[in-house]
Asks: 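Below are the structure tokens for one structure; questions will follow.
Throughout, protein chains are lettered first and strands after them, A, B, ... in sequence-line order, and every chain is numbered starting at 1. Side-chain atoms are counted along with the backbone in the values below, which use heavy atoms only and exclude waters and symmetry mates.
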Amino acid sequence: MIDQRLVRDNPEVIAQQLKRRGKSIDLTGLQLIARQQRGLEEERSTLQADGNRIGKEVGVKIKAGADPKGDEVAALRLHGNAIKQKVAVFEEEEKALSSQLRDQLLSLPNLPSPLCPDGKDEHDNVEVRRWGTPRIEEGLEEHWQIAQRLNLFDTERSVRIAQSRFVTLMGQGARLERALINFMLDLHTSKGYREVMPPVLVNTASLTGSGQLPKFAEESFRCADDDLWLTPTAEVPVTSLHRDEIIPADQLPLRYSAYSPCFRREAGSYGRDTRGLIRLHQFNKVELYWFVHPDQSEEAHQQITADAEAVLQALDLPYRVLDLCTGDLGFSAQRTYDLEVWLPGAGAFREISSCSVCGDFQARRSAIRTKNGKQTQLVHTLNGSGLAVGRTMAALLETGQQSDGSILLPKPLVPYVGFERLQPE
RNA sequence: GGAGAGGUGGCUGAGUGGUUGAAAGCGGCUCCCUGCUAAGGAGUUACAGGCGGCAACGCUUGUCGAGGGUUCGAAUCCCUCCCUCUCCGCCA
């Protein structure tokens with residue numbers, strides 16, 4: 001959420017920054033609401049101060065021996081009642097304005113960082129570096145072909161169990177998925193991340209706190225009878241780990257690595273990635289999440305990205321890093337690095353991690369602050385996939401394919417999986 | 001699902017109508033003392049909004065789970081809701 005003081009005092013700054021995202025928003029209405037609200041607040045609190053004074057006066061007089069039913073006290077009561085009525089009128093108006101203001105503010109995306117490259121859509125993203133040598137060959141299979149051939153999952157039966165876009169991993173496939181989760185968590189915890197396994201059902205406040213609501217309700221699965229949703233990413237529960245908290249400055253940065261299944265409706269992606277592990281309603285992800293002092297988010301962003309890259313490097317998977325342009329930035333992000341892994345079978349780079357710095361955007365929505373001496377201030381938050389597990393498996397399958405049809409796994413993974421290569425069972 | 005108890009500041013925990021944003025303790029911060037030192041003393045310390053000030057800070061409003069109500073005045077009384085804990089039942 002954007003600071004409402006900015007809306008009041010410098011709405012043109014917001015408009016200008018949101019324009020970089022490709023959104024032209026007229027904020028004069030919102031500014032008016034914000035200013036009216038503040039005006040009412042001023043009048044109301046002055047009145048309330050009068051009312052409080054009368055209340056005290058009555059108490060003092062009665063204690064001093066005045067007749068509680070005498071004229072003097074009765075006059076004060078009358079005055080108190082009059083004030084009360086006026087306050088009620090102001091209050092009602094003020095509340096209406098406040099909730100309007102809040103609703104609209106919650107629907108505004110974060111302002112892009114000044115460092116974020118300007119651009120319209122994904123074509124304007126800036127490649128900042130590459131790692132590894134992409135395997136480019138004719139005749140390589142795509143991961144879903146390999147998975148089918150090696151019997152790693154069952155998609156048809158998954159429709160019976162659930163729907164399309166669900167997958168049931170089996171045998172070596174299930175084993176590999178599990179190994180990858182462990183591998184990633186071990187790698188991150190060895191660098192000081194605290195491991196987290198959060199609830200995957202989250203309430204509305206949690207989804208609002210990290211920015212998925214109110215705008216993206218149609219992307220999440222909801223439990224109709226409860227105030228609960230299936231989490232689209234561990235970023236949601238981990239943000240709310242510290243919702244409404246003041247974190248002592250000496251505890252920052254807090255760095256978490258959370259495994260969770262993730263659930264997304266993928267509304268509006270009908271024809272795309274219908275086969276395999278790329279786009280599913282349910283997938284596994286290991287998420288990295290930082291709460292940092294506001295001065296440190298810039299360096300933290302570099303570090304969290306490096307920590308995500310470390311997984312790809314350990315698995316020997318070539319990738320490139322994109323600095324997302326303003327037009328491609330997610331709702332809560334200020335700046336984002338996407339990691340795209342090379343898929344030799346598909347012959348393309350594919351997003352496997354998204355590392356974002358959100359500034360105080362989520363912290364303000366979630367009331368997460370830190371305190372240094374007397375000063376209370378909002379923390380900054382960062383998140384990054386470390387990594388999307390299904391897509392990692394896809395990359396491993398395509399990268400490790402051998403001429404005999406087996407799949408060679410990277411060495412560091414072997415102790416986790418229990419075998420060196422996947423082959424027909 | 002049944003019965004009961006309870007939700008108060010960063011934490012523990014007092015407080016049942018009057019100047020209480022709230023005792024005490026812990027923790028934090030500042031300063032002091034120091035030959036009895038894994039110590040002692042003094043002070044300070046909630047959050048959010050608004051106004052004033054370059055600032056230190058001052059003034060003011062709201063907040064004792066949430067929302068309503070009674071009252072000149074509510075942490076305290078009434079109503080509704082939410083949540084937590086304990087016991088019983090059921091169950092991974």
Asks: Look at the side chain of A:A49 and decide which nucleotide, out of B:rC51, B:rC47, B:rU60, has an atom nearest to it.
Replies: B:rU60
Asks: Return the value, rounded to whole Å, for the distance between atom CG of A:N52 and atom C1' of B:rC59.
Replies: 14 Å
Asks: State whether A:E94 and A:R44 are salt-bridged, where the test is any N-O pair (Lys NZ or Arg NE/NH1/NH2 against Asp/Glu carboxylate O) under 4.0 Å.
Replies: yes
Asks: In whole angstroms, how far is the C1' atom of B:rC83 from the CZ atom of A:R243?
Replies: 13 Å
Asks: Counting side-chain heavy atoms from CB outward, which of B:rU61, B:rG50, B:rC72 is closest to A:E41?
Replies: B:rG50
Asks: Can you tell me the base-pairing partner of B:rA48? Count Watson-Crick or G-U wobble geometry only, both distances below 3.5 Å, and say none if there is no partner.
Replies: B:rU61
Asks: Both distances below 3.5 Å, Watson-Crick or wobble geometry, any strand: find the nucleotide opposite B:rU70.
Replies: none
Asks: When the C1' atoms of B:rG13 and B:rC64 are considered, how many whole Å apart are they?
Replies: 13 Å
Asks: Tell me the partner of B:rA23, counting only Watson-Crick (N1-N3 plus N6-O4 or O6-N4) or G-U wobble (N1-O2 and O6-N3) with both under 3.5 Å; none if nothing fits.
Replies: none
Asks: Starting at NE2 of A:H242 and ending at C1' of B:rG10, how long is that distance when rounded to a whole Å?
Replies: 14 Å
Asks: Check the distance between B:rG52's C1' and A:E42's CD and give it to me in whole angstrom.
Replies: 11 Å
Asks: Nearest nucleotide by nearest heavy atom, which residue falls closer to the 5' end of RNA chain B, A:L76 or A:R5?
Replies: A:R5
Asks: Choosing from B:rC47, B:rU60, B:rC72, which nucleotide comes nearest the side chain of A:S45?
Replies: B:rU60
Asks: For B:rG58 versus B:rG68, give the span between their P atoms, rounded off to a whole number of Å.
Replies: 32 Å
Asks: Using atom CZ of A:F90 as one end and atom C1' of B:rG50 as the other, report the distance to the nearest whole Å.
Replies: 15 Å
Asks: Please determine, for the side chain of A:K371, which listed nucleotide (B:rC72, B:rC47, B:rU19) has the closest atom?
Replies: B:rC47
Asks: Who is the Watson-Crick or G-U wobble partner of B:rC29, with both distances under 3.5 Å?
Replies: B:rG43
Asks: Are the charged groups of A:R5 and A:D9 less than 4.0 angstrom apart, N to O?
Replies: no
Asks: Are the charged groups of A:E218 and A:R265 less than 4.0 angstrom apart, N to O?
Replies: no
Asks: Just how far, in rounded Å, is P of B:rG9 from CG of A:D244?
Replies: 12 Å
Asks: With a cut-off of less than 4.0 Å, is there a side-chain N or O of A:R8 near OP1 or OP2 of B:rG50?
Replies: yes
Asks: Given that A:K95 and A:Q377 both sit by RNA chain B, which one's nearest nucleotide is further toward the 5' end?
Replies: A:Q377
Asks: Ignoring backbone atoms, test whether A:R44 places a side-chain nitrogen or oxygen under 4.0 Å from the OP1 or OP2 oxygen of B:rG49.
Replies: no
Asks: Would you measure the distance from the P atom in B:rG27 across to the matching atom in B:rU20 and give it in whole Å?
Replies: 28 Å
Asks: Does any nucleotide pair with B:rA38 by Watson-Crick or G-U wobble geometry, both distances under 3.5 Å, and what is it?
Replies: none
Asks: Could you tell me which non-hydrogen atom of A:K61 sits nearest to which non-hydrogen atom of A:E72, and how far apart they are?
Replies: CE-OE2, 3.2 Å
Asks: At under 4.0 Å between heavy atoms, what does A:I62 touch on the DNA or RNA strands: base, sugar-phosphate, or nothing?
Replies: base
Asks: Measure from the ring center of A:Y256 to the ring center of A:Y193 and say whether it is less than 6.0 Å.
Replies: no
Asks: Please report the distance separating the P of B:rG73 from the corresponding atom of B:rA14, rounded so that it comes out in whole Å.
Replies: 30 Å
Asks: Measuring only between side-chain heavy atoms, which start at C-beta, is A:V414 closer than 4.5 Å to A:F419?
Replies: no
Asks: What interatomic distance, in whole Å, is found between C1' of B:rU76 and the corresponding atom of B:rG17?
Replies: 7 Å
Asks: Is B:rA75 paired to anything, Watson-Crick or G-U wobble with both distances less than 3.5 Å, and if yes, which nucleotide?
Replies: none
Asks: When the C1' atoms of B:rG25 and B:rU8 are compared, how many Å lie between them, rounded to an integer?
Replies: 15 Å
Asks: In whole Å, what is the span from the CD atom of A:Q85 to the C1' atom of B:rC72?
Replies: 13 Å
Asks: Could you check whether A:T376 gets within reach of a base, just the sugar-phosphate, or nothing at all, counting any heavy atom under 4.0 Å?
Replies: sugar-phosphate
Asks: Assign A:R53 to base, sugar-phosphate, or nothing according to its heavy-atom contacts below 4.0 angstrom with the strands shown.
Replies: nothing
Asks: Looking at B:rU86, which nucleotide sits across from it as a Watson-Crick or G-U wobble partner, both distances under 3.5 angstrom, or is there none?
Replies: B:rA3
Asks: Taking any strand in view, what nucleotide pairs with B:rA55 in a Watson-Crick or G-U wobble way, both distances under 3.5 Å?
Replies: none
Asks: As an exercise, state the distance from CG of A:L408 to CD of A:Q401, rounded to the nearest 0.5 Å.
Replies: 11.5 Å
Asks: Scan A:K61 against the nucleic acid and name what it touches under 4.0 Å (heavy atoms): base, sugar-phosphate only, or nothing.
Replies: nothing
Asks: Would you say the side chain of A:Y259 lies within less than 4.5 Å of the side chain of A:E287, judging by non-hydrogen atoms?
Replies: no
Asks: Please check the phosphate of B:rG73 (OP1 and OP2 only) for any side-chain N or O of A:K84 closer than 4.0 Å.
Replies: yes
Asks: Can you check the A:L105 CG to B:rG49 P distance for me, whole Å?
Replies: 13 Å
Asks: Rounded to whole angstrom, note down the P distance from B:rG18 over to B:rC78.
Replies: 16 Å
Asks: Roughly how far apart, to the nearest Å, are B:rG52 and B:rG40 at atom P?
Replies: 47 Å
